[in-house]
Amino acid sequence: MNSDKQPDSDAHLRAVLGEWKVDAPLPPRFQEQVWQRIAAAEAPSRSAFWPSVIGLLEGVLPRPKVAFSYVAALAVLGVVAGSVTAQLESAHLIANLSARYVQSVDPYHAEAALP
């Protein structure tokens, strides 16, 4: 937009636009639908949890200390979860191998021992 134009320089355009009339009718219940859309856009959405968490992380993670703490906490959490999973799997394997050993030593007694 040129700053050296005067506001009255497009008077012809303003006159033409002022004469323009729209004869097409609005769809039924147009205003009601517009207000419903406005209300829906202003209402807080229920799934706003994840966008707010992502926004928080985007605002906080550029700081090196916070980013390092976040990565360290995730690493510790991963190690703990892996350790617990390994212990559960190991206990299940030991129980299964024990039942198989009992079955190999005494086949008649072992049917009740199998999990």
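Given the structure is predicted, the values throughout are model-derived calculations rather than measurements.
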Salt bridge (Lys or Arg N to Asp or Glu O under 4.0 Å) partners for R29, two or more places apart: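 Only E32 meet the salt bridge (Lys or Arg N to Asp or Glu O under 4.0 Å) criterion with R29.
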Mind checking who shares a hydrophobic cluster with [X], ILVMFWY linked at side-chain heavy-atom distances under 4.5 Å?
| X | value |
| --- | --- |
| Y101 | V105 |
| L56 | V60, V66 |
| V16 | none |

Residues that [X] engages under side-chain contact (heavy atoms from CB on, under 4.5 Å), provided they are two or more places apart:
| X | value |
| --- | --- |
| L97 | L93 |
| L74 | Y70 |
| I94 | S90, S98 |
| F68 | none |

Could you tell me the separation between the CD1 atom of I54 and the CG atom of L61, rounded to the nearest 0.5 Å?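 Output value for this atom pair is 11.5 Å.
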Could you measure the distance from the CD atom of Q87 to the CD atom of E89? Nearest 0.5 Å is fine.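 Taking CD in Q87 and CD in E89, the distance rounds to 11.5 Å.
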Is it the case that one hydrophobic cluster holds both L57 and W50, taking links as side-chain heavy atoms less than 4.5 Å apart, direct or via other members?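 Looking at the clustering, W50 is in the same group as L57.
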Pairs involving residues 48-70, ordered by first then second residue, that meet salt bridge (Lys or Arg N to Asp or Glu O under 4.0 Å) (sequence neighbours left out):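 Passing the test, one end in residues 48-70: no pairs.
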Under the criterion side chain to side chain contact (heavy atoms under 4.5 Å, CB included), I'd like the reasoning laid out for R100 against S104: C-alpha separation, chi angles, the key distance, then a yes or no. CA-CA 6 Å; R100 286 183 183 184; S104 70; over 6 Å; no
